[in-house]
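Take a look at the structure below.
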Amino acid sequence: MAKINILPGGVLDVPSNPTVPFIKGDGVGPEVTSAMQAILDAAVQKTYSGERKIEWMEVLAGGKAFEEEGTYLPDATMQAFKEYHVGIKGPLMTPVGGGIRSLNVALRQGLDLYVCLRPVRWFKGVESPVKHPEKVDMVIFRENTEDIYAGIEWENGTPEAEKFFAFLRDEMGVTKVRFPETSSFGVKPVSKEGSERLVRAACRYALDHGRPSVTLVHKGNIMKFTEGGFKKWGYALAEAEFGDAIKEGKLVIKDCICDAFLQNALLKPEDYSVIATLNLNGDYVSDMLAAQVGGIGIAPGANINYSTGNAIFEATHGTAPDIAGKDIVNPCSNLLSGVMLLEHFGWQEAADLINAALEKSFAEGYATNDLARLMSNGKPLGTKAFTEHIVNIINA
Ligand code: NAD
């Protein structure tokens, strides 16, 4: 059991055999997890000839945790993620009934994973609804802890909603609620610190990865103090901390109003590289861009705190109960989140090897049925056969 050390500034000191806690997940989770582990292990073995190896350590969450421990998210799981700093998870069912609203949100909040990182790129051979998917190459930094997603809301007709409206009317002089009797209310907190740490992470990433620009995507024209604050604080932070890089032309900071961005990202995606945005915008933008590269089912994601170094990598699709256990699920979302984990470790050569194997496989039409059926040269493979195919390319 070897632990990752976090050096000052959130820099990772990764041993050659790091322990990585993993959650198999519900539904198709166990299938995509086995595939991801087999392919990561093969790539690490091939790249480092046995000198590096991931030590997998299963931790529980979701349905399996409930069956075995009577709770959806055992304390030991949170503790393991804190202790080992990184983890990877398959999709988790959303518990029905009280307690936890969403296990994913509980993990993000419990570990203060303030960046939701979503790289979006196209793999040759994958069918896309746009003419030039190869022009889409963006990395989205979505703020993960604030905004209207903070979960501060009251349903219409409840005493809380009435009390909240009375406060707005009587204490704050608000007269603009159109139908107060039947309104539900939500609160959108957006802070200077929260905006700054997100934009800082995006700028650092852009410089570290040789990406030319960071675009602040916001709706500051309408929500002046929340979305507008994000833009103002973002520009100021970039100027204060990355001013030299900006002057030297290594980094361009720009902004775009979210509705215009959704148009532009379709019409001239090549203008954008790193995107920094708030929680709700980020939710829409991530799925729209993933769809553009035909990859909504294979889009990976990670939730990261760049100060503590804590990170959880995850498949972005759900538990797909309709296809669970049928050996047809596409494991690529979980697999590519594993590739992000390798990159987070600085094991770029192993990550590149997997990307190259996927490129070759898709270009030749070998994919799981969800992708293969849309390819002109498609040759559908089951989940296990596809995994074996990728491992064989890696070992060739
Ligand atoms: P879903 O993503 O599970 O499924 C939507 C459709 O896409 C289904 O037809 C499914 O078969 C298909 N699909 C999904 N992933 C696929 C893959 N990798 N390969 C091939 N086909 C795939 O969404 P849902 O049905 O709305 O949600 C099911 C459960 O998952 C719910 O309990 C939901 O709360 C949960 N969920 C979890 C996460 C997460 O853990 N990150 C994300 C979304 C939904």
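Numbers for residues simply follow the sequence, beginning at 1. All values reported here derive from a predicted model rather than from experimental measurement. FYI, side chains are in, hydrogens and waters are out, and symmetry mates aren't considered; it's all heavy atoms of this structure.
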Backbone of [Y] reached by a side-chain donor or acceptor of [X] within 3.5 Å:
X: S128; Y: G294; value: no
X: D327; Y: T383; value: yes
X: K135; Y: K131; value: no
X: S184; Y: E155; value: no

Does the distance from a Lys or Arg side-chain N to an Asp or Glu carboxylate O, for [X] and [Y], drop under 4.0 Å?
X: D112; Y: R197; result: yes
X: E359; Y: R121; result: yes
X: E364; Y: K360; result: yes
X: E127; Y: R373; result: no
X: D41; Y: K53; result: no
X: K188; Y: E146; result: no
X: K384; Y: E388; result: no
X: D259; Y: K219; result: yes

For residues 167-182, the side-chain hydrogen bond (donor to acceptor under 3.5 Å, both in side chains) pairs (sequence neighbours left out) are none

If you take all heavy atoms of [X] and [Y], which pair is closest and at what distance?
X: I298; Y: C332; answer: CG2-CB, 3.6 Å
X: G194; Y: S191; answer: N-OG, 2.8 Å
X: Q292; Y: P129; answer: O-CD, 4.0 Å
X: K254; Y: S213; answer: CE-OG, 3.8 Å
X: A350; Y: T47; answer: CA-OG1, 3.5 Å
X: R211; Y: S273; answer: NH1-OG, 3.0 Å

Taking C-beta and beyond as the side chain, do [X] and [Y] meet within less than 4.5 Å on heavy atoms?
X: F230; Y: L198; value: yes
X: S195; Y: V190; value: yes
X: V20; Y: M57; value: no
X: V115; Y: R142; value: no
X: L358; Y: L335; value: yes
X: P331; Y: V28; value: no
X: P189; Y: I152; value: yes
X: T316; Y: P300; value: no

Donor-acceptor side-chain pairing of [X] and [Y] below 3.5 angstrom:
X: N310; Y: N305; value: no
X: N334; Y: K89; value: no
X: D283; Y: Y149; value: yes
X: H218; Y: N281; value: no
X: E143; Y: T145; value: yes
X: E314; Y: N303; value: yes

Please check if [X] and [Y] belong to a single hydrophobic cluster, counting links between Ile, Leu, Val, Met, Phe, Trp and Tyr side chain heavy atoms closer than 4.5 Å.
X: M223; Y: I257; answer: no
X: F179; Y: F167; answer: no
X: F261; Y: V293; answer: yes
X: L336; Y: I54; answer: yes
X: I23; Y: I88; answer: no

- Message: Determine whether F386 and Y366 satisfy the following criterion, ring-ring contact (aromatic ring centres under 6.0 Å, His included), listing intermediate values before the conclusion.
- Response: CA-CA 7 Å; F386 176 73; Y366 291 105; 9.2 Å; no

Exercise answer: donor-acceptor pairs, residues 2-19 side-chain atoms, under 3.5 Å, sequence neighbours excluded:
| from | atom 1 | to | atom 2 | distance (Å) |
| --- | --- | --- | --- | --- |
| K3 | NZ | E83 | OE2 | 2.8 |
| T19 | OG1 | A2 | N | 3.1 |

Subject >> Intermediate values then yes/no, side-chain contact (heavy atoms from CB on, under 4.5 Å), N355 and F123 >> reply: CA-CA 9 Å; N355 279 329; F123 282 93; 3.8 Å; yes

In T226, D147, I148, the residue satisfying side chain to side chain contact (heavy atoms under 4.5 Å, CB included) with L278 is D147

Q) What's the verdict on side-chain contact (heavy atoms from CB on, under 4.5 Å) for V199 and W233, showing C-alpha distance, side-chain angles and the deciding distance? A) CA-CA 9 Å; V199 174; W233 297 319; over 6 Å; no

inquiry  = Between I354 and I39, is the side-chain contact (heavy atoms from CB on, under 4.5 Å) condition met? List the steps.
reply    = CA-CA 8 Å; I354 297 173; I39 294 169; 4.1 Å; yes

Under the criterion side-chain contact (heavy atoms from CB on, under 4.5 Å), I'd like the reasoning laid out for D271 against T215: C-alpha separation, chi angles, the key distance, then a yes or no.
CA-CA 10 Å; D271 283 4; T215 304; over 6 Å; no

_Pair Y205-Y306, ring-ring contact (aromatic ring centres under 6.0 Å, His included): steps then yes or no_ = CA-CA 10 Å; Y205 182 98; Y306 284 93; 7.8 Å; no

Give me the ring orientation class for F185 and F165: parallel if the planes are under 30° apart, tilted from 30 to 60°, perpendicular past 60°. parallel

Interatomic distance, OG@S286 vs CG@L117, rounded to 0.5 Å, equals 9.5 Å

- Within 6.0 Å of OH in Y235, more than 12 heavy atoms from elsewhere: yes

